[in-house]
Peer 1: 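Structure provided below as structure tokens; questions to follow.
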Amino acid sequence: MRVATWNVNSIRARLPRLIAWLEAQEPDVVCLQETKCVDDEFPWDALSELGYEAVHHGQKTYNGVAILSKTPIEDVFRGFPDDAEDEQRRVIGGTIGGIQFLDLYVVNGEKVGSEKYERKLIWLERLVDFLASYYDLGTPLVVLGDFNITRDDRDVYDPERFRDKILCSGPEREFLEAILELGFVDLVREHYPQGGLYTWFDFRTRGFERGQGLRIDHVLATPPAARACVEVEVDLTERGQEKPSDHAPVIVTFDA
DNA sequence: ATGGTAGTTGTACTA
């Protein structure tokens, strides 16, 4: 089973690329972030024509997550189960082929010390509580998506430039570590311990053209899922296409 | 310390 995560930065703007990428890569499961649309604008038919069933938790203009799958998606839930408000749609979960998936678009946080940053930390605390209380972490579970956090300096092209800045600050990284301490394996790190493999490149600084990126998209797996992982790839070719997202897809392969 | 681009939107906001 080939499983991908990709922040598409608007599924409507990215639809031509998404279709070409699905045809080329033929992943079985795709977790998307930043769909930036409501259900009525979601490209159900185009995805169905490619053989994908989809579940979506979207909103106008911002956020939005979706799971695409060639086989049935079961036990779907949208948002944290205890979130009555759910104004920012950042979470969707489901089970495919006996593996549970949790697709996340973590709050960006704008700038360390800002109000959005404080909301990011509160959101992350809630995520850790949710993972610890909702799941049996001895079962196959993959938590993946745009975490908007670098794990450590190996994930930063210029660590000094980003020292204690947003996406790299200590408190953010501590929440990512807290998730890993629950027993998750960071699959990209496991396969590329040397670092220097990035998933996001800032449009503003022409980061991709300069090789200046960050690894902020992650695939975290519980031990039974991690043991089945045989291959990990960041699709930098996609990031170099015309009209790309600012994020590259991350693809992992699980042996059946 | 700041800005740069992109998407959606509507003449600002988020990333």
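The basis for the numbers below is simple: all heavy atoms, side chains too, and nothing from hydrogens, waters or symmetry mates. Chain naming here is simple, since letters A, B, ... match the order of the sequence lines and numbering starts at 1 in each. Predicted model only: the values in this text are computed from it and were never measured.
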Peer 1: Starting at atom CZ of A:Arg119, determine the distance to atom C1' of B:dC13, rounded to an integer number of angstrom.
Peer 2: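 Spelled out: CZ on A:Arg119 to C1' on B:dC13 is 13 Å.
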
Peer 1: What's A:Thr205 touching, base or sugar-phosphate or nothing? Going by heavy atoms closer than 4.0 Å.
Peer 2: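 Here A:Thr205 touches the bases of the nucleic acid.
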
Peer 1: Rounded to the nearest angstrom, tell me the gap between atom NZ in A:Lys243 and atom P in B:dG7.
Peer 2: 4 Å

Peer 1: For A:Arg2, is there an ion pair with A:Glu26 - N to carboxylate O distance below 4.0 angstrom?
Peer 2: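 A:Arg2 and A:Glu26: not salt-bridged.
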
Peer 1: Hey, which sits more toward the 5' end of DNA chain B by its nearest nucleotide, A:Arg206 or A:Asn7?
Peer 2: A:Arg206

Peer 1: Taking only Lys NZ, Arg NE, NH1 and NH2, and the carboxylate oxygens of Asp or Glu, determine whether A:Asp155 and A:Arg173 approach each other closer than 4.0 Å.
Peer 2: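 Looking at A:Asp155 and A:Arg173, the cut-off is not met.
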
Peer 1: Determine the interatomic distance between P on B:dA12 and the same-named atom on B:dG3; round to the nearest Å.
Peer 2: 16 Å

Peer 1: Using atom P of each nucleotide, how far apart are B:dT2 and B:dA6 to the nearest Å?
Peer 2: 23 Å

Peer 1: Check every atom of B:dG7, B:dT9, B:dA6 against the side chain of A:Lys60 and return the nucleotide holding the closest atom.
Peer 2: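 The answer is B:dT9, which lies nearest to the side chain.
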
Peer 1: Look at the side chain of A:Ala13 and decide which nucleotide, out of B:dG7, B:dT9, B:dT14, has an atom nearest to it.
Peer 2: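 Nearest to the side-chain atoms of A:Ala13, counting from C-beta on, is B:dG7.
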
Peer 1: Distance check, C1' atoms only: B:dG7 and B:dT11, in whole angstrom units.
Peer 2: 15 Å

Peer 1: How far does the P atom of B:dA1 sit from the matching atom of B:dT5, given to the nearest Å?
Peer 2: 22 Å

Peer 1: Measure CZ/A:Phe201 against P/B:dG4 and give the value in whole Å, please.
Peer 2: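 Going from CZ in A:Phe201 over to P in B:dG4 covers 22 Å.
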
Peer 1: In whole angstrom, give me the gap between the C1' atoms of B:dC13 and B:dT9.
Peer 2: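 Each nucleotide's C1' atom is 9 Å from the other's.
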
Peer 1: Tell me what A:Tyr105 touches on the nucleic acid: a base, only sugar-phosphate, or nothing, going by heavy atoms under 4.0 Å.
Peer 2: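 Sugar-phosphate only.
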
Peer 1: Taking for each residue the nucleotide of DNA chain B bearing the nearest heavy atom, is the 5' side occupied by A:Asp202 or by A:Asn148?
Peer 2: A:Asp202

Peer 1: Side-chain N or O of A:Lys116 less than 4.0 angstrom from OP1 or OP2 on B:dT14?
Peer 2: yes

Peer 1: Does A:Phe162 have its ring centroid less than 6.0 Å away from the ring centroid of A:Tyr157?
Peer 2: yes

Peer 1: Touch check for A:Arg90, heavy atoms < 4.0 angstrom, all strands: base, sugar-phosphate only, or nothing?
Peer 2: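 A:Arg90: backbone/sugar contact only, no base atoms under 4.0 Å.
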
Peer 1: Between C1' on B:dA15 and CZ on A:Phe162, what's the gap in Å once rounded to a whole number?
Peer 2: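 Rounding to the nearest Å, CZ of A:Phe162 and C1' of B:dA15 are 13 Å apart.
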
Peer 1: Taking the side chain of A:Arg161 as its heavy atoms from C-beta onward, which of B:dT5, B:dG4, B:dT9 lies nearest to it?
Peer 2: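 Minimum distance to the A:Arg161 side chain belongs to B:dG4.
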
Peer 1: Looking across every strand, which nucleic acid part, if any, lies under 4.0 Å from A:Arg14 by heavy atom: base, sugar-phosphate, or nothing?
Peer 2: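 Since only primed, P, OP1 and OP2 atoms lie under 4.0 Å of A:Arg14, the category is sugar-phosphate.
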
Peer 1: Please check if the side chain of A:Ser48 supplies one atom and the backbone of A:Trp44 the other of a donor-acceptor pair under 3.5 Å.
Peer 2: no

Peer 1: Can a donor-acceptor pair be found, under 3.5 Å and without considering hydrogens, that links the side chain of A:Thr35 to the backbone of A:Ile11?
Peer 2: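 Not at all, since once roles are kept as given, no pair shorter than 3.5 Å links the two residues.
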
